[in-house]
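First the structure, in the form of structure tokens, and then the observations on it.
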Protein chains: 2
Amino acid sequence: MPARPAAPKARPPRPRVRKKAAATYHHGDLRQALVDAALAAIAEGGLEALNLRDLARRLGVSPAAPYRHFADKEALVRAVAADIAQRYAAVLAQAAAEAPPDPLSQFRATGVAAVRFAVRHPAHFRVVYTPGLHDHRGDDDPTRAALTAAQAAGVIAPIPVDAIMLTAQCAIYGLSRLIVDDQLPGGAVTPAQADAMTRAVTDVLGLGFLPR
Amino acid sequence: MPARPAAPKARPPRPRVRKKAAATYHHGDLRQALVDAALAAIAEGGLEALNLRDLARRLGVSPAAPYRHFADKEALVRAVAADIAQRYAAVLAQAAAEAPPDPLSQFRATGVAAVRFAVRHPAHFRVVYTPGLHDHRGDDDPTRAALTAAQAAGVIAPIPVDAIMLTAQCAIYGLSRLIVDDQLPGGAVTPAQADAMTRAVTDVLGLGFLPR
DNA sequence: CTATCGATGTAATCGATGCTCACATCCTCC
DNA sequence: GGAGGATGTGAGCATCGATTACATCGATAG
């Protein structure tokens, strides 16, 4: 019997990338397909719902195939986290670019953008902040930049910049997480409510470091 | 052959609670023992390292025994989370009781206590704040109480209390999580550094809502 | 005292999942 | 057109959560 029987299993045709057609055996770009599929699976059911066999099944590939591209499950998740981190950073940068240049506007805009991202993509937010999956310590956070510039220009009060930045980072991250983890009184949070909360938080913070 | 052979398997003697001795078969208080063992296992290796078979093994009990006391693994983890939540609340309450009664002191004391708990018991902190495991929305947080009382006494600025409380909660929770998840620049955080950061954050917040 | 019954623990087993290994297939490049 | 590396397959192992039928124990009623 030949190694490849007539009708081994009905499989959906796989998208090809490198060559035109001749669709079988090799996938084309399994690595990226895995990352994309994992992204979708996580968005649906969270990180706990991610499972390599299911991913392989959806891509019409054997359960062992993913291991040709990722050493283990965690490596795949790290790739996914890197992907998410990139989009997240892009969203923040764009928000800052579109906002007026004054420090409070910048600060508020990036804060709102960060919280919005968390509200819209809670599962992705959790993954990108899961310890060990991505390093956020080098993030050149637009918030930091805006605040540093503001103090250099003498627009904000003469308190240690580090303290301000730390407080701002904590408040925005804390708000994001509390919303994402549904741990705020009143239950699930709508996008509009999230925006209002972000504005409230940035205002209170602004009271602290803007001169009056 | 008798149902219970002479030397079935060498097992460590199990602690008895109900009666004096005659140690075999029934454990005594397996439920509590499971919670305690889970607490220890989580403290060592985090929630991912928790596994029912290992727990059963350590307690000298069959892998199926835990299912007599918990419907499934999640039920056990929920019991553990409740246990942690109780200790966490007690720690916060004690810190508030020991601090001077003025609002900033109260606020700072509970903040410091919360962050300290996170630094000392990072795995437990993560578990108690894992979504779905424990409901924190009813937490009568001493911080909230302190701030409400303070505003009632006219000690803080006339800004919406809700905004202040939200900001404070976000900042303290955010700081705790950033430390626990090791996502702050500079790597791992010592208890002393954590205290300093907490004080910095509470001070910046205090600038916002304390009248000047 | 003893028969009974509910509570608790056991043994055996299933199904899902991460991962490995030997082998098959295909593409590229000399 | 042949060799070799890259990629995918199939079979299978180990671990773990969970279930089921059965065993054992302790309390209690008669």
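None of the values given here were measured: they were computed from a predicted structure. Note on naming: letters A, B, ... go to the chains in the order of the sequence lines (proteins, then strands), and numbering restarts at 1 for each one.
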task: Measure from the side-chain heavy atoms of B:Ala64 and tell me the nearest of C:dT17, D:dT9, C:dA11.
output: C:dA11

query: Would you say C:dG18 has OP1 or OP2 under 4.0 Å from some side-chain N or O of A:Asn51?
result: yes

- prompt: Just by distance, do the side chain of B:Gln183 and the backbone of A:Asp135 share a donor-acceptor pair under 3.5 Å?
  reply: no

task: For B:Arg57 and C:dT10, give me the distance from atom CZ to atom P, rounded to whole Å.
output: 14 Å

- request: Provide, to the nearest angstrom, the distance between the CG atom belonging to A:Leu55 and the P atom belonging to C:dC19.
  value: 13 Å

query: Got a sec? Which of residues 34-47 of chain A come in under 4.0 Å of DNA chain C, heavy atoms?
result: none

query: To the nearest angstrom, how far is A:Arg58 atom CZ from C:dT17 atom P?
result: 12 Å

query: What nucleotide, of C:dC19, C:dG9, D:dC16, holds the atom closest to the side chain of B:Leu30?
result: C:dG9

query: How close or far is atom P of D:dG8 from atom CG of A:Leu52, stated in whole angstroms?
result: 14 Å

query: Rounding to a whole Å, what distance do you find between B:Glu48:CD and D:dC16:P?
result: 14 Å

message: Donor-acceptor check, side chain of A:Arg126 to backbone of A:Ala118, threshold 3.5 angstrom: yes or no?
response: no

message: Using a 4.0 Å cut-off on heavy atoms, which residues in residues 65-77 of chain A reach DNA chain C? List them by number, or say none.
response: A:Tyr67, A:Arg68, A:Asp72, A:Lys73

- request: Name all pairs fulfilling the ring pair (Phe, Tyr, Trp, His ring centres under 6.0 Å) condition that reach into residues 47-77 of chain A, sequence neighbours left out, sorted by first residue then second.
  value: none

- request: Rounded to the nearest 0.5 Å, what's the gap from CD1 on A:Ile172 to CZ on A:Arg108? Could you check?
  value: 11.0 Å

Under-4.0 Å salt bridge between B:Arg87 and B:Asp83: yes

query: Rounded to the nearest Å, what distance is computed from the CZ atom of residue A:Arg53 to the P atom of nucleotide D:dG12?
result: 13 Å

message: If the test is side-chain contact (heavy atoms from CB on, under 4.5 Å), which one of B:Leu175, B:Leu178, B:Val112, B:Thr202 qualifies with B:Met197?
response: B:Leu175

message: Over 60° means perpendicular and under 30° means parallel, so tell me whether A:Phe125 and A:Tyr129 are parallel, tilted or perpendicular.
response: tilted

- prompt: So, A:Thr190 side chain and A:Gln193 main chain: donor-acceptor pair closer than 3.5 Å or not?
  reply: yes

- prompt: With a 4.0 Å cut-off, would you call B:Asp203 and B:Arg199 a salt bridge?
  reply: no

